[in-house]
Q: 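Have a look at this one before I ask anything.
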Amino acid sequence: MKLFNLIVLLIFLGSCTTDSNETKPPINIAIETSWIGYIHVVIAQEKGFFAQHKVNVKLLTAKDGLDTAELYKTRQADGLLNVFPDSIMLNAEGYPTQVVMVIDSSFSADGIVSKPEIKTPQDLAGKTVAFEELNSFSHLFVMKLLEKGGLEEGQFKARTIVASEALEALGQGQVDAAYTYEPTLSQALKAGYHLLAKAGDMPGMITDVLAFHGTTIQQRPDDIKNIVAAILDARNYMQQHPKESLEIFAQFNQATAEEFETGFDGLHYPGLEENYLALQSDGLLFTSGQDIIDFYMAKGQIIQLPDLNTVVNKQFIQDLSKK
C-alpha cells in the first residue's frame with residue numbers, strides 16, 4: 001500500500017511539473033516589424049524554432065524603435081530588439097538591460113540620403129539635416145559620418161524626423177538630407193535622391209542586439225538561453241533558404257518580398273562564433289560601446305559612466321559555444 005501511495009505521489013508531482021512548464025507565461029519581446037535585420041527572429045517564430053527549443057515567446061510588434069522602447073519601459077515586454085546605443089541608454093535611464101546577442105550589423109541598410117544636387121557632406125553647410133531624435137543613436141550616426149566627410153556639427157541645421165518619414169520630408173522640402181533605413185532608403189534612391197553616406201562607411205556603427213530586463217534574465221535563464229539558441233538556428237535556416245525567408249518576413253509585414261531584398265543584402269547576420277567574439281571584452285560591443293558612451297557623456301545625456309560589463313551579458317552565447 002505504501003509503495004502504491006508513493007507511485008501515485010510521484011505521478012502527481014510529475015504532472016504538476018509538466019503543467020507548470022506548459023502554463024509558464026510567454027516571454028514577450030518587442031520588435032520593430034518592418035526592420036529586415038530582425039528577419040531571423042520572425043523566422044524563429046513562424047518556422048517553430050522557439051517551440052523546438054521548448055520556449056514560449058510572443059513577439060510584440062511596433063512600428064518603430066520609439067514604440068519598441070515604450071513597450072519595454074512599461075514592462076509589457078520582457079526584452080526587445082534594438083540598436084546597441086539604445087540598450088546603453090536604457091541602462092543609463094535606470095532600466096537594468098542586458099544585451100545577450102548581436103542580431104545584425106548594417107553595411108548599406110542604413111544611410112543618409114540627400115537632394116540630388118548635394119554630393120558631399122560639405123555641400124550641407126548651412127542646410128538642414130534630419131535624424132530621429134536629438135542625442136540618439138541616429139544623431140550619433142549622422143554626426144560621425146558627416147564629420148568623416150569634413151562637416152562638423154554646428155555647420156548644419158538639425159531637425160528631428162522619424163526615419164520612415166524621411167522620403168516625404170525630402171519631397172516636401174523640409175530637409176536637405178536625412179537619416180533613414182530600409183525599406184525607405186531604397187524608396188528614396190529609386191525616387192532620385194542621393195546616397196550621401198552609408199553605415200558601411202563606419203563598420204560597426206549600427207549594430208542591432210537582443211536585450212532583456214535583468215529581472216527576466218535572473219528568473220528565467222534557461223528560457224533566455226533557448227531563445228538565443230532558437231534565433232541562431234533560425235539564422236542558419238535563413239542563410240540556407242533566403243528566398244523562402246524573405247517571403248515569410250514579407251507575409252509577416254503584409255508586404256512583398258521585393259520590398260526587403262535590398263535591405264536584406266545590406267546587412268550582416270552574425271552566427272554563434274561571431275557573436276562569441278563580439279561579446280568579449282575586446283570585441284565589437286565593447287569597442288563601439290566606448291565610442292557611444294563618450295558621445296552620450298559629451299552631450300550630457302548621461303552623468304555616470306555605464307559599466308559595459310553589466311550591459312553585455314555573454315553567459316548564454318558562451319554556454320552555447322561549449323556544446
Side-chain angles (χ1 to χ4, degrees), residues 21 24-105 137 206-235 249 252 269-270 272 275 278-279 284-285 289 292 306 308-320:
N21 287 335
K24 272 197 302 187
I27 290 184
N28 297 325
I29 300 174
I31 178 174
E32 181 181 347
T33 52
S34 63
W35 176 237
I36 185 63
Y38 303 149
I39 180 173
H40 42 323
V41 181
V42 173
I43 298 300
Q45 182 189 60
E46 299 298 303
K47 294 295 290 185
F49 287 102
F50 289 133
Q52 286 177 27
H53 284 272
K54 296 182 172 53
V55 59
N56 187 6
V57 171
K58 182 177 180 182
L59 299 182
L60 303 184
T61 58
K63 66 177 183 178
D64 56 44
L66 299 177
D67 287 348
T68 301
E70 188 61 25
L71 287 169
Y72 179 75
K73 288 178 178 180
T74 55
R75 293 307 308 273
Q76 297 175 67
D78 306 295
L80 79 168
L81 294 149
N82 69 356
V83 69
F84 184 45
D86 286 354
S87 285
I88 292 175
M89 182 56 75
L90 283 169
N91 277 279
E93 292 173 344
Y95 302 94
T97 304
Q98 296 180 30
V99 172
V100 299
M101 72 179 297
V102 174
I103 294 293
D104 67 77
S105 289
F137 90 89
I206 294 189
T207 299
D208 290 303
V209 297
L210 173 64
F212 290 96
H213 195 282
T215 302
T216 303
I217 288 178
Q218 186 178 23
Q219 293 176 347
R220 300 177 67 174
D222 289 342
D223 286 335
I224 301 301
K225 184 168 80 170
N226 288 335
I227 288 171
V228 172
I231 293 173
L232 288 170
D233 283 353
R235 177 259 183 196
F249 188 75
F252 185 76
Y269 306 89
L272 179 58
N275 256 281
L279 271 62
L284 172 67
L285 293 189
I292 294 161
L308 286 170
N309 288 296
T310 65
V311 177
V312 178
N313 186 330
K314 54 191 175 186
Q315 166 193 345
F316 305 104
I317 287 292
Q318 282 188 329
D319 287 349
L320 291 169

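Given the structure is predicted, the values throughout are model-derived calculations rather than measurements.
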Q: Roughly how far apart are Tyr38 OH and Phe249 CZ, rounded to 0.5 Å?
A: 10.0 Å

Q: Which heavy-atom pair separates Val312 from Leu279 by the least distance, and what is that distance?
A: CG1-CG, 3.8 Å

Q: Distance from Leu232 atom CG to Ile227 atom CD1, nearest 0.5 Å?
A: 12.0 Å

Q: Drop me the distance from Asn56's CG to Asn226's CG, to the nearest 0.5 angstrom.
A: 12.0 Å

Q: Compare all side-chain heavy atoms of Ile292 with those of Phe137 and state whether any distance is below 4.5 angstrom.
A: no

Q: Between atom NE2 of His213 and atom CD of Gln219, what is the distance when rounded to the nearest 0.5 Å?
A: 9.5 Å

Q: Taking salt bridge (Lys or Arg N to Asp or Glu O under 4.0 Å) as the cut-off, I'd like each qualifying pair that reaches into residues 74-100, sequence neighbours left out, listed once.
A: Lys73-Glu93

Q: Tell me, do Pro270 and Asn275 make a side-chain contact under 4.5 Å, heavy atoms counted?
A: yes

Q: Evaluate the side-chain proximity of Lys24 to Arg220: yes if any heavy-atom separation is below 4.5 Å, no if none is.
A: yes

Q: Thr216 versus Ile224: any side-chain heavy-atom pair under 4.5 Å?
A: yes

Q: Check whether any side-chain heavy atom of Leu272 lies under 4.5 Å from a side-chain heavy atom of Ile317, and answer yes or no.
A: yes

Q: Using side chain to side chain contact (heavy atoms under 4.5 Å, CB included), reason through Leu284 and Ser105 one step at a time and then give a plain yes or no.
A: CA-CA 10 Å; Leu284 172 67; Ser105 289; 4.1 Å; yes

Q: Rounded to the nearest 0.5 Å, how far does NE2 of His40 lie from CD1 of Ile231?
A: 7.0 Å

Q: Could you pull out the closest heavy-atom pair between Leu308 and Ile88, with the gap in Å?
A: CD2-CD1, 4.1 Å

Q: Just distance, no hydrogens or angles: give the donor-acceptor pairs under 3.5 Å from side chains in residues 43-54, sequence neighbours left out.
A:
| unit_1 | atom_1 | unit_2 | atom_2 | d |
| --- | --- | --- | --- | --- |
| Lys47 | NZ | Tyr237 | OH | 3.4 |
| Lys47 | NZ | Glu244 | OE2 | 3.0 |
| His53 | NE2 | Asp233 | OD2 | 2.7 |

Q: Quick one: are Phe252 and Thr61 in side-chain contact, heavy atoms under 4.5 Å?
A: yes

Q: Going by atom type alone, with no hydrogens or angles, which donor-acceptor pairs under 3.5 Å involve a side-chain atom of residues 96-103 and a protein atom two or more places apart or on another chain?
A:
| unit_1 | atom_1 | unit_2 | atom_2 | d |
| --- | --- | --- | --- | --- |
| Thr97 | OG1 | Tyr72 | OH | 2.8 |
| Thr97 | OG1 | Tyr95 | O | 3.0 |
| Gln98 | OE1 | Asn313 | ND2 | 2.6 |

Q: Could you report the tightest heavy-atom contact between Asn82 and Leu80, atom names first, then the distance?
A: ND2-CD1, 3.6 Å

Q: For Gln76, is the CD atom crowded, meaning more than 12 foreign heavy atoms sit under 6.0 Å from it?
A: yes

Q: Would you indicate whether the side-chain heavy atoms of Thr207 and Pro85 approach each other to under 4.5 Å?
A: no

Q: Looking at every heavy atom in both Val228 and Phe316, which two are closest together, and how far apart are they?
A: CG2-CB, 4.4 Å

Q: Treating Thr74 as the side-chain partner and Glu70 as the backbone partner, does any N or O pair qualify as donor plus acceptor under 3.5 Å?
A: yes

Q: Decide yes or no on side chain to side chain contact (heavy atoms under 4.5 Å, CB included) for Leu320 and Gln318, but give the supporting numbers first.
A: CA-CA 5 Å; Leu320 291 169; Gln318 282 188 329; over 6 Å; no

Q: State the CG-CD1 distance between Asp104 and Ile206, to the nearest 0.5 angstrom.
A: 9.5 Å

Q: Is any side-chain heavy atom of Ile29 closer than 4.5 Å to one of Val41?
A: no

Q: Between Trp35 and Asp208, is there a side-chain donor-acceptor contact under 3.5 Å, judged purely by atom types and distance?
A: yes

